[in-house]
Structures are given as C-alpha cells and as structure tokens.
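Some notes on the structure that comes next.
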Amino acid sequence: MSKPLILVSNDDGITSPGIAKLVSLMKKLGEVIVVAPDSPQSGMGHAITVGDTLRLTENNIFKDIAAYECSGTPADCVKLAKHHLLKDQKPDLVVSGINHGSNTSISVLYSGTMSAAIEAAIEGTPAIGFSLCDYSHDADMSHVDEHILKIASETLKKGIPKGIALNVNIPPKQNQNIRGIKICRQANARWEEEFDQRVDPNGRKYFWMVGNFVNHDKGEDNDEWAIAQNYISLVPCQFDLTGHHAISILNDDWDL
C-alpha cells in the first residue's frame, strides 16, 4: 500500500522552526509536500488573494521533500496545492503549523494556521492545525513529537467528521510532563483591544493595537482550562458559522 500523502503548511512562513519540526514528524507517517507562505502571515484569518498576483516558487529548504513558497496567505497555499500542484491527487491529510503561539478560544478566527486547516476541511480533506503556546521564535519543541504523531496517526487511521478541522494547542515546555490530550470546546474568551495613538518620525499620527486576552469562562471543559492544567487541547472546528439555535427564535419573534 502506498504511503499517505500529507500536505504541510503554516502561517509563520516556510523558514520557521515550527514547520521544520512538523515536516520532520510527518515524514514518519507518509509522503510529504510543503506549500507555505514566503513570509509571516500571522493574523490573516481566512483571507485569500483577490485582484493581485500569486507567485509559487520551488524551495529546497527541506532535504528530499517537495516544497514551495507562496506569496499569498495560508488559505491561498492550500488552494494552490490542491488545484495546481496536486491536481488529481487528493491529500490524505493536511497539517498546519507548528504555530509559534496560542490559537485557543476566539483566536481561531484570526489564525492563519487554522485557516489553512479549515480551507482543507472545506475541500473535504481531514485537517489539523497545531500550535505551541510559546511565542518565542526559538521555543523548545522537544516535548511535542509523540503527541503530534499520535493525533495525526489517529486522523489517518480513523478519519474525522466531514467538514471538521482539529485545532490542537500544546502547552509550552515545562518541568512536568504533559498530562494528556483533552477533547474540548472553545473557551468563552476574547481580546480586549486598545489602540495606542502614536506619532511617527515625520510627525504623522498612527495607531498601534494593544490590549489583553481576557478569559470569561469558568468551565473545566474548554481549551483555555486544558492548557492551564498542562493538557493538550483538541477542539473540533467547523466552517459553518450558522447560528442554528437562533433560526427558530428569529422566525418566531421577528415580523418579516
């Protein structure tokens, strides 16, 4: 039986340590192809390039691995891989990451890492976004291997529900071993932003977004709780944003 085909992407760019780690792990599970942004694309959400050029260039950064850098967003990378590079071949799995920083709770909406995974889910391919809750460029990733391999292996063997992408967040390296993997929900937490008005050297005003991440969730079944307790959080995410519970309320209460 031929090896499974695994597409690897990210949002930190093709030269990031996180994608190098993910490529090295996926090589143990199948045939790997890499399509990733040529520069950091953090916070791009599910943006796609419209009305501008897209460039795709082969890169030999990974030994014996077909790799391409793309001028577009993470979602662009997955689209180009499917419709141009792979054409009639369908990946068995798409993995994105390893992101340098958390993508828990509401951050999933802004995450370029997860947009690559969700784009794959839209295309009907099992997909996982991996993030390490450490923003350092040289973050210690020595504790992630067995857990990423386990989650990816289970996905390849048993699949995941159609239209779902897995959002996996891994605690930073600590003295204690990771306690396990928790399948959980997205926490009720959000960024409370402020916009700091500043002046550039030419005397022109500009704004710099600052703020804090505030967790309003007291439950013990969400991703923020899991990370705080040194568990890996695994949240199944969907691209259908319909508020199904609100349909009957609007039908009953509104005069339309």
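This is a predicted model, so every value here is computed, not measured. Quick note: numbers below take in every heavy atom, side chains included, and nothing from hydrogens, waters or symmetry partners. All residue numbers in this chain count up from 1 along the given sequence.
Put simply, CD on Glu69 and CG on Asn59 are 5.0 Å apart, with the number rounded to the nearest 0.5 Å. If you take NE2 on His46 and OG on Ser111, they are separated by 11.0 Å, rounding to the nearest 0.5 Å. For the atom pair Thr242 OG1 and Phe239 CZ, the distance stands at 10.5 Å (nearest 0.5 Å). A distance of 9.5 Å separates OG of Ser107 from CG of Asn99, quoted to the nearest 0.5 Å. With values rounded to the nearest 0.5 angstrom, Thr113 atom OG1 is found 13.5 Å from Ile128 atom CD1. Atom CD of Glu31 sits about 8.0 Å away from atom NZ of Lys3, to the nearest 0.5 Å.
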CA sep, side-chain torsions, deciding dist, call: Arg204, Val199, side chain to side chain contact (heavy atoms under 4.5 Å, CB included): CA-CA 5 Å; Arg204 295 174 298 186; Val199 178; over 6 Å; no
Evaluation steps, side chain to side chain contact (heavy atoms under 4.5 Å, CB included), between Ile33 and Leu5: CA-CA 8 Å; Ile33 181 171; Leu5 178 60; 4.3 Å; yes
Trace of the side chain to side chain donor-acceptor pair (under 3.5 Å) decision for Gln174 with Asn230: CA-CA 9 Å; Gln174 302 178 33; Asn230 204 29; 3.2 Å; yes
Chi angles and distances behind the side chain to side chain contact (heavy atoms under 4.5 Å, CB included) call for Ile170, His143: CA-CA 9 Å; Ile170 304 170; His143 61 307; 4.0 Å; yes
Side chain to side chain contact (heavy atoms under 4.5 Å, CB included) assessment of Lys82 paired with Lys87: CA-CA 6 Å; Lys82 175 180 172 57; Lys87 296 180 181 177; over 6 Å; no
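Cys237 approaches Asn167 most closely through the heavy-atom pair SG-CB, 3.7 Å. Considering every non-hydrogen atom in both Gly72 and Thr49, the closest pair reads CA-OG1, 3.9 Å. Residues Pro172 and Asp134 come closest through the heavy atom pair CB-CB, 4.1 Å. The shortest non-hydrogen separation linking Ala81 to Leu7 is CB-CD2, 3.7 Å. The heavy-atom pair separating Ile65 from Lys27 by the smallest distance is CD1-CG, 3.7 Å. The nearest pair of heavy atoms linking Ala187 to Asn215 is CB-OD1, 4.4 Å.
Taking the side chain as every heavy atom from C-beta outward, Trp225 and Asp217 never approach each other to under 4.5 Å. At least one side-chain heavy atom of Thr53 sits less than 4.5 Å from a side-chain heavy atom of Arg55. Looking at heavy atoms from C-beta onward, Thr15 lies in side-chain contact with Ile61 at the 4.5 angstrom threshold. In this structure the side chain of His100 never reaches within 4.5 angstrom of the side chain of Leu132, judged on heavy atoms. Residues Phe62 and Val34 form a side-chain contact, since some pair of their non-hydrogen atoms from C-beta on lies under 4.5 Å apart. Under the 4.5 Å side-chain criterion, counting only non-hydrogen atoms from C-beta, Val235 is not in contact with Leu166. Here the side chains of Met26 and Val95 are in contact, with some heavy-atom distance below 4.5 Å. Here the side chains of Leu250 and Asp252 are not in contact, with every heavy-atom distance at 4.5 Å or above.
A salt bridge is defined here as a Lys NZ or Arg NE, NH1 or NH2 lying under 4.0 Å from an Asp or Glu carboxylate O, and Arg198 with Asp200 fails to meet this definition.
With no hydrogens or angles considered, no side-chain donor-acceptor pair links Asn10 and Ser96 at under 3.5 Å. Between the side chains of Ser233 and Asp223, no donor-acceptor pair is found at a separation under 3.5 Å. Counting only N and O atoms by type, the side chains of Thr73 and Asp76 include a donor and acceptor under 3.5 Å apart. With no hydrogens or angles considered, no side-chain donor-acceptor pair links Glu192 and Asn212 at under 3.5 Å. Side-chain atoms of Asn222 and Gln186 include no donor-acceptor pair closer than 3.5 Å. Neither side chain, Ser105 nor Glu224, offers a donor N or O lying under 3.5 Å from an acceptor on the other.
Without hydrogens or angle criteria, Ser136 side chain to Asp138 main chain gives no donor-acceptor distance under 3.5 Å. The backbone N or O of Lys21 sits less than 3.5 Å from a side-chain atom of Ser24, completing a donor-acceptor pair.
In the displayed structure, Asp253 atom CG is contacted under 6.0 Å by more than 12 heavy atoms of other residues, nucleotides or ligands. Annotation for Asp240: atom CG counts as buried by contact number, over 12 foreign heavy atoms lying within 6.0 Å. For Asn175, the CG atom sits in a loose shell: 12 or fewer heavy atoms of surrounding residues, nucleotides or ligands are nearer than 6.0 Å. Sparse packing is recorded around CG of Asn177, with 12 or fewer heavy atoms of other residues, nucleotides or ligands lying under 6.0 Å away. The number of heavy-atom neighbours closer than 6.0 Å to NZ of Lys173, taken from other residues, nucleotides and ligands shown, is above 12. Environment of CG in Leu149: crowded, with over 12 heavy atoms of neighbouring residues, nucleotides or ligands closer than 6.0 Å.
Val78 and Leu156 sit in two unconnected hydrophobic clusters of ILVMFWY residues. Membership requires side-chain heavy atoms under 4.5 Å apart, directly or through other members. There is no path of hydrophobic side-chain contacts, each under 4.5 Å, that joins Val94 to Ile164. Hydrophobic clustering keeps Ile227 apart from Ile98 (ILVMFWY residues linked when any side-chain heavy atoms are closer than 4.5 Å, directly or through intermediates). At a threshold of 4.5 Å between side-chain heavy atoms, the hydrophobic network of Ile, Leu, Val, Met, Phe, Trp and Tyr places Leu80 and Ile122 in two separate groups. Phe130 and Ile232 fall within the same hydrophobic cluster, where Ile, Leu, Val, Met, Phe, Trp and Tyr residues are linked whenever their side-chain heavy atoms come under 4.5 Å apart, directly or through other members.
With sequence neighbours left out, the ring-ring contact (aromatic ring centres under 6.0 Å, His included) criterion links Tyr135 to no other residue.
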